Every structure is written in structure tokens, then in C-alpha cells.
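In listed order, ligands and their atoms are each counted from 1. Because the structure is predicted, anything quoted here is derived from the model rather than measured.
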Amino acid sequence: MSDSVVVAGAVCDGGRLLAARRSAPPELAGRWELPGGKQEPGESGEQALVRELREELGVEAEPQERIPGEWPLKPGLVLRVWTVRLLAGVPSPLEDHDELRWLTPDETDTVDWLDQDRPAVAEAVRRLREA
Ligand code: CDP
């Protein structure tokens, strides 16, 4: 059976990257992540990401490019990440998160990212610096 997929967005706006602080489960609460969630059967990764960002942040967003690679979360579950552009709305922590921060490239080390998100965050920051 193929792995299940968690999709996440490196949401970039005005030269900053959006970081979201998890409020649950207890072992992850307080750590920062790229917002997202599980891809459901019948959805593409991009469709799942649009849905998750709508549910979690209340925004309309457009996946742009897949960040190459995928990162294991636990057996049978991998993380895939896209860069994302905001189309409408101001992100707010509606679900799963208790704080959001827009970070400049120089500020991205100021939050405690989930280990598995770090490679994708580093690549998103590299792209932000180049933009
Ligand atoms: O909301 P949903 O149940 O679809 O997914 P979630 O609870 O937000 O994420 C599912 C799993 O993916 C959790 O174990 C998260 O820790 C993990 N995850 C992650 O490692 N990195 C992210 N950027 C997003 C989720």
C-alpha cells in the first residue's frame, strides 16, 4: 500500500513566511509548522492543501510549486510541501493552531519548527531570499 500523505504550505506574502504554532496534540503543542493536514482519498495534493488552508486559516490560497522531496512522519505517513500564494483573506488560527507569525528570512530561526518541517522551511527561505 502506498504511504498516506500530509500536505503543508509554505505560505509566502510580502517576503515573509507564515509559521503556525500547534495547539494539539500535547506532544506537538507549542512547536511551529507549515500549516496543512492529511490528503483525503480522491483529492490531489494541491486540492487537499487548498482545503486545509481554508479550514485552518480561513484563507483562499493557491499552491505554486512543490518543494522537492518528502519527509517521513511515522511509518506509512509522509509530508509533502508546496510554496503557496495567498489569494484572499487574512490568515487566522481557526483550527489546530493558537498563534501565527509572519517571519522574514532572518527571523525563521526564531521559532521551534517541527523537525520534519525544517528541510522544507530551509528551501522556502532560500527561495524567499532569491525572490
Ligand atoms: O488536520 P489533520 O488531521 O488532517 O492533520 P494534522 O493533525 O494537522 O496533521 C497530521 C500529522 O501531520 C500530525 O501528526 C502532524 O504532526 C503532522 N504534520 C507535520 O509534521 N508537519 C506539518 N507541517 C503538518 C502536519
Side-chain angles (χ1 to χ4, degrees):
M1 223 184 75
S2 56
D3 288 342
S4 297
V5 177
V6 171
V7 298
V11 181
C12 299
D13 196 49
R16 293 171 191 237
L17 174 68
L18 186 66
R21 190 171 70 182
R22 288 196 68 102
S23 51
E27 62 274 18
L28 299 179
R31 306 282 303 275
W32 294 75
E33 68 175 12
L34 302 171
K38 291 196 191 76
Q39 184 176 337
E40 304 289 349
E43 283 181 326
S44 67
E46 287 92 340
Q47 287 168 338
L49 186 53
V50 167
R51 175 183 53 73
E52 287 286 348
L53 297 178
R54 191 180 288 143
E55 290 172 1
E56 293 190 354
L57 306 176
V59 296
E60 294 304 316
E62 178 181 56
Q64 300 210 277
E65 288 171 32
R66 171 96 182 268
I67 294 185
E70 58 181 29
W71 298 277
L73 300 180
K74 61 182 186 186
L77 189 65
V78 296
L79 174 68
R80 295 182 182 162
V81 178
W82 280 256
T83 57
V84 171
R85 188 169 74 95
L86 279 181
L87 297 178
V90 175
S92 44
L94 302 180
E95 215 178 64
D96 293 346
H97 305 113
D98 61 6
E99 191 179 337
L100 302 177
R101 274 187 208 167
W102 287 105
L103 302 172
T104 65
D106 286 344
E107 290 168 342
T108 46
D109 287 342
T110 62
V111 301
D112 185 19
W113 293 100
L114 292 175
D115 296 337
Q116 57 269 26
D117 283 39
R118 288 173 191 254
V121 168
E123 176 59 21
V125 169
R126 196 186 66 73
R127 294 180 186 200
L128 265 184
R129 286 189 196 279
E130 275 183 357

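The backbone N or O of Ala19 sits nowhere less than 3.5 Å from a side-chain atom of Trp113 that would complete a donor-acceptor pair. Side-chain atoms of Asp117 never come within 3.5 Å of backbone atoms of Glu33 as a donor-acceptor pair (strictly under, hydrogens ignored). With hydrogens and angles disregarded, no donor-acceptor distance shorter than 3.5 Å links the side chain of Arg66 to the backbone of Pro68. A donor-acceptor pair under 3.5 Å links the side-chain atoms of Gln39 to the main chain of Glu43, judged by distance alone.
Counting protein heavy atoms only, atom 2 (P) of ligand 1 is closest to Lys38 N, 3.9 Å. Scanning the protein for heavy atoms near atom 16 (O) of ligand 1, the closest one is Leu28 CD1, 2.9 Å. Looking from atom 1 (O) of ligand 1 to the surrounding protein, the closest heavy atom is Asp96 OD2, 3.5 Å. When only non-hydrogen protein atoms are considered, atom 13 (C) of ligand 1 lies nearest to Arg22 NH1, 4.2 Å. Protein heavy atom closest to atom 20 (O) of ligand 1, with residue, atom name and distance, is Gln116 NE2, 2.7 Å. Of the protein's heavy atoms, Leu73 CD1, 3.8 Å lies nearest to atom 17 (C) of ligand 1. Taking atom 11 (C) of ligand 1 as the reference point, the nearest protein heavy-atom neighbour is Val6 CG2, 4.0 Å. Among protein heavy atoms, atom 21 (N) of ligand 1 sits closest to Asp117 OD1, 2.8 Å.
For ligand 1, the atoms lying closer than 4.0 Å to a non-hydrogen atom of Leu114 are 19 (C), 20 (O), 21 (N). The ligand atoms of ligand 1 that sit less than 4.0 angstrom from a heavy atom of Glu52 are 4 (O). Counting atoms of ligand 1 from 1 in the listed order, those under 4.0 Å from a heavy atom of Ala8 are 23 (N). The ligand atoms of ligand 1 that sit less than 4.0 angstrom from a heavy atom of Gly36 are 8 (O).
A salt bridge links Arg126 with Glu123: the closest approach of a Lys/Arg side-chain nitrogen to an acidic carboxylate oxygen falls below 4.0 angstrom. By the 4.0 Å N-to-carboxylate-O rule, Asp3 lies too far from Lys74 to be salt-bridged with it. A salt bridge does not link Arg101 with Glu107: every distance from a Lys NZ or Arg NE/NH1/NH2 to an Asp or Glu carboxylate oxygen is 4.0 Å or more.
Considering only non-hydrogen atoms, atom 18 (N) of ligand 1 lies nearest to Glu33 out of Arg51, Glu33, Gln39, Arg31.
Inter-residue side-chain proximity for Asp112 and Arg21 is flagged as unmet; no heavy-atom pair is nearer than 4.5 Å.
Nearest heavy atom pair, residue Gly15 against residue Pro105, reads O-CD, 3.4 Å. Heavy atoms only, all atoms of each residue included: Val11 and Trp102 are closest at O-CZ3, 3.6 Å.
Residue contacts with ligand 1 leave out Lys74, since none of its heavy atoms falls under 4.0 Å from the ligand. Within the structure, ligand 1 lacks Glu55 among the residues with a heavy atom less than 4.0 angstrom away.
Backbone and side-chain nitrogen or oxygen atoms of Leu34 are examined, and one is located within less than 3.5 angstrom of a nitrogen or oxygen of ligand 1.
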